[in-house]
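Remarks on the structure that follows.
Because only heavy atoms are used, hydrogens play no part in the values below, and waters and symmetry mates are left out as well, while side chains stay in. Order of the sequence lines sets the chain letters (A, B, ...), proteins ahead of strands, with each chain counted from 1.
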Amino acid sequence: MVKTSVEDLLQQREKRINDAIALREPDRVPVMCIFGFFPARFAGITFEDAMYDYDKTMQAWISAMVEFQPDVCDDPFTSRFFGRLLERLDYRQFRWPGHGVPPNLSFQYVEDEYMKADEYDAFLSDPSDFMLRRYWPRIFGSLRTFENLFSIPGLYSYAGFGKLATLDTPEMAKAVEDLMAAAREAKRMLAGSAEYGEKMRQLGFPAQFGAMAHAPFDVISDFLRGTVGAMLDMYRLPDRLLKAVEQIYPFMLQNGLGAKRNGILRVFMPLHKGIDSFMSPDQFKTFYWPTLRRLILAFIDEGLTPFVFWEGDCTSRLELIGDIPRGKAVYMFEATNIFKAKEILGDVVCIRGNVPLSLLLAGTPDDVKGYCKKLIDVVGKGGGFIMDASTNLDDAKPENLKAMFEFTKEYGRYA
Amino acid sequence: MDDKLIDALSNLEEKTALALVKERIDAGQDPLAILKACQEGMIQVGKRYEACEYFISDLMLAGEIFKQVADMLSPRLKGVAARPRGKVVIGTVKGDIHDIGKNLVVTLLKAANYEVYDLGVDVPPQRFVEVLKESGAPVVGLSALLTVAFDSMKETLAALDAAGLRPQVKVMIGGGPITQDTVAYARADAMGRDAQAAVTLCNQWIKEVAK
């Protein structure tokens with residue numbers, strides 16, 4: 001057998017994915033995952049290690065990718081390796097291994113009203129000022145004193161020099177020191193990501209995503225107002241909420257366009273609060289979908305491929321969300337009826353998913369193969385399908401995952 | 001029974017509902033009757049949710065309206081309050097700090113006239129045992145969003161067993177990834193797919209206890 005060169009392998013994998021995205025039949029069904037903390041467990045290191053230990057993390061992820069041979073690799077650095085960064089910032093929105101969570105549990109998000117209902121006007125009139133002097137001090141304990149910063153536009157010439165004196169406090173000095181230390185940790189995180197990406201390329205694995213962007217509504221509901229706050233705002237402050245969603249749109253666009261700079265043209269878009277159970281179809285059409293759709297279209301226009309992760313069950317949204325250009329995006333489904341999705345969206349968008357995590361956790365390899373067979377037969381028919389678990393793998397059983405990968409590579413061949 | 005207040009609540013007309021409550025308090029109406037009308041309104045909300053007419057966003061708003069009504073009425077209900085329908089202990093299990101679903105269940109149970117012991121998040125098994133013993137509550141609700149918390153549910157059930165509480169306490173579980181398999185795994189009594197289901201389960205169980 002002729003040994004495939006690394007370049008050939010990379011091209012083969014890229015072509016396989018791009019064929020699926022373009023709704024053509026590739027040589028076989030591509031298979032890939034959001035690995036979560038699974039590689040840590042698989043390599044016998046703790047989740048805490050994966051957030052703090054550069055070498056252990058590097059090795060754990062490389063060995064998991066080599067073992068399972070996904071069509072794209074999963075980068076732990078930008079999504080896991082930031083324990084020290086969180087510490088330096090005293091980040092309040094997470095509890096993580098060693099900081100409020102045992103060493104072998106994933107980090108968890110601490111929801112709160114980080115922005116109050118009566119602060120919309122402040123946010124709308126000057127989002128940067130709001131983030132710097134109100135939001136950052138609340139989510140980064142180390143930057144608490146930023147709430148005492150003077151209003152930035154006030155320093156526009158020599159006339160404002162006096163304001164600088166207010167910066168000369170021990171608290172501000174410490175905050176700046178912590179911020180610089182966090183900046184160095186961020187550099188290390190990116191260096192890890194770059195080194196890992198290069199090593200992976202040498203092994204023939206393309207990177208999975210070049211950037212990430214949230215749905216504008218989720219930025220409000222996940223991070224600023226909290227779920228309950230944002231839901232109530234739909235009734236009580238609909239105009240302000242809509243303006244805020246518009247306000248956030250260009251920032252998410254910029255985040256996603258980062259993928260063009262690093263040349264990995266896939267943008268990850270995980271979605272949260274637009275699912276069937278959370279909001280009514282009218283609310284979805286009003287508050288959630290318009291800016292999200294515009295974002296998807298803008299990325300496509302820029303030559304990027306949005307990988308939109310519809311978490312939870314979004315079966316009732318299927319008709320509506322098909323209103324995007326054909327063959328230019330990937331919809332990842334968790335609990336949505338994926339077979340119905342194929343029926344409704346099969347001619348529009350590449351579908352990725354959704355071997356249930358419960359099956360990967362508690363089922364047998366035969367159960368997994370049975371489900372994969374159905375996926376390949378039905379959703380994989382005619383192309384436009386990528387095999388994946390339903391969500392991030394954290395605690396899947398390795399033998400079940402192995403079954404998913406191997407079965408897909410054998411049975412998922414197109415004639 | 002007065003329909004206007006019930007309708008305002010069940011139609012989620014926040015301002016109208018609150019204005020009506022205030023009007024009736026000022027007119028010297030029986031606070032218990034006002035509360036009852038609002039509880040009836042919440043039952044309608046629950047029904048509309050079960051009929052898929054309402055969504056979680058609507059339940060959150062309904063809960064918020066009801067909370068405000070309860071705050072307005074509470075100074076006037078001291079000493080005259082009706083007996084709660086029953087006691088329920090509830091919390092998000094150890095290792096999990098998610099509370100949106102749990103909070104919604106708490107609000108709906110309170111609106112359905114239950115006395116609720118809300119233990120918060122990341123609750124160790126022993127804490128459930130303590131509060132169940134102190135309160136004598138016949139029902140406990142365990143919440144989780146993470147699959148890793150299934151083991152905490154199992155441990156909590158084991159702790160109830162060890163404390164000899166299991167025969168007299170019904171256990172309901174709920175949260176995103178919970179399925180009927182989790183009920184068997186944790187050895188609970190039942191699961192609820194949503195917050196309204198928790199109220200239905202409690203109503204059913206409290207009736208059985210009363211028999």
Side-chain angles (χ1 to χ4, degrees), chain A residues 36-37 41 47 94-97 100-102 104-112 117 221-222 226-236 272-284 287-288 311-313 316 334-335 356-363 390-396, chain B residues 11-15 17-18 48-50 52-65 67-68 92-104 106-107 120-122 124 144-152 175-182 184-186 193-197:
Chain A
F37 277 104
R41 196 183 287 271
F47 289 15
F94 273 176
R95 285 199 206 169
W96 66 95
V101 169
N104 262 328
L105 276 189
S106 174
F107 50 77
Q108 294 177 48
Y109 185 72
V110 182
E111 234 198 67
D112 204 347
S221 63
D222 288 1
T227 306
V228 178
M231 294 290 159
L232 296 179
D233 294 343
M234 294 196 293
Y235 302 90
R236 291 172 172 169
H272 296 141
K273 304 293 160 52
I275 64 180
D276 286 354
S277 58
F278 266 120
M279 51 171 79
S280 72
D282 278 344
Q283 289 170 334
F284 182 78
F287 297 101
Y288 201 90
E311 293 187 29
D313 186 348
S316 80
E334 182 182 5
L357 192 62
S358 56
L359 201 60
L360 291 168
L361 196 100
S390 61
T391 184
N392 103 48
L393 293 177
D394 284 355
D395 40 11
Chain B
N11 293 331
L12 304 175
E13 292 157 6
E14 181 172 22
K15 281 183 185 151
L18 296 179
R48 289 167 83 163
Y49 177 78
E50 278 172 341
C52 298
E53 235 180 277
Y54 276 171
F55 297 82
I56 287 175
S57 55
D58 300 304
L59 288 186
M60 284 175 170
L61 179 63
E64 197 60 27
I65 300 172
K67 257 189 226 163
Q68 295 173 78
T92 302
V93 295
K94 192 169 167 45
D96 198 327
I97 61 167
H98 294 90
D99 65 0
I100 297 173
K102 189 264 300 167
N103 289 346
L104 202 52
V106 169
T107 309
V121 298
D122 194 15
L145 188 70
L146 304 175
T147 52
V148 289
F150 292 0
D151 286 326
S152 299
I178 305 280
T179 64
Q180 208 54 48
D181 296 337
T182 327
Y185 180 76
R193 273 194 50 77
D194 52 52
Q196 190 57 35

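Among L105(A), N104(A), L357(A), V101(A), the residue making the largest number of heavy-atom pairs under 4.5 Å with chain B is L105(A). Among the candidates I97(B), T182(B), T147(B), the residue making the largest number of heavy-atom pairs closer than 4.5 Å to chain A is I97(B). The candidate from D58(B), L12(B), T179(B) with the greatest count of non-hydrogen atom pairs under 4.5 Å with chain A is D58(B). Note on D96(B), I56(B), L145(B), V121(B): by heavy-atom pairs under 4.5 Å with chain A, the leading option is I56(B). When the candidates M234(A), M231(A), R236(A), E111(A) are compared by the number of heavy-atom contacts under 4.5 Å with chain B, R236(A) comes out ahead. Annotation: maximal heavy-atom pairing with chain B below 4.5 Å, among S280(A), G312(A), A335(A), A362(A), occurs at S280(A).
Judged by distance alone, the side chain of Q108(A) and the main-chain N or O of G95(B) form a donor-acceptor pair under 3.5 Å. When atom types are taken as modelled, the side chain of Y49(B) and the backbone of A195(B) share no donor-acceptor pair closer than 3.5 angstrom.
Aromatic ring centroids of Y288(A) and F278(A) lie 6.0 Å or more apart.
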Query raised in the report: Does the pair F107(A) and F37(A) meet the rule for a ring-ring contact (aromatic ring centres under 6.0 Å, His included), with working shown?
Result: CA-CA 10 Å; F107(A) 50 77; F37(A) 277 104; 5.8 Å; yes

Report task. In sequence, state the C-alpha distance, the side-chain angles, and the governing distance for T107(B) and K67(B), and then conclude on side chain to side chain donor-acceptor pair (under 3.5 Å). Result -> CA-CA 8 Å; T107(B) 309; K67(B) 257 189 226 163; 4.5 Å; no

Query - Step-by-step side-chain contact (heavy atoms from CB on, under 4.5 Å) determination, F150(B) to I178(B) - result: CA-CA 8 Å; F150(B) 292 0; I178(B) 305 280; 3.7 Å; yes

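Contact of V228(A) with chain B is made through backbone and side chain together, with heavy-atom distances under 4.5 Å. For chain A, no part of D181(B) is nearby; none of its heavy atoms comes within less than 4.5 Å. For S277(A), the parts sitting under 4.5 Å from any heavy atom of chain B are the backbone and the side chain alike. At a 4.5 Å heavy-atom cutoff, the contact between D122(B) and chain A is made by side-chain atoms alone. Heavy atoms of L146(B) lying under 4.5 Å from chain A belong exclusively to its side chain. With a 4.5 angstrom heavy-atom cutoff, D394(A) does not touch chain B via any of its atoms. Proximity to chain A (any heavy atom under 4.5 Å) is shown, for E53(B), by neither the backbone nor the side chain. Within the 4.5 angstrom heavy-atom criterion, only side-chain atoms of I100(B), from C-beta onward, approach chain A.
Atom CG in N103(B) sits 7.5 Å away from atom OG1 in T92(B) (nearest 0.5 Å). To the nearest 0.5 Å, atoms CG (D194(B)) and CG (L104(B)) are separated by 9.0 Å. Considering CE of M60(B) and OH of Y54(B), their distance stands at 15.5 Å, rounded to 0.5 Å.
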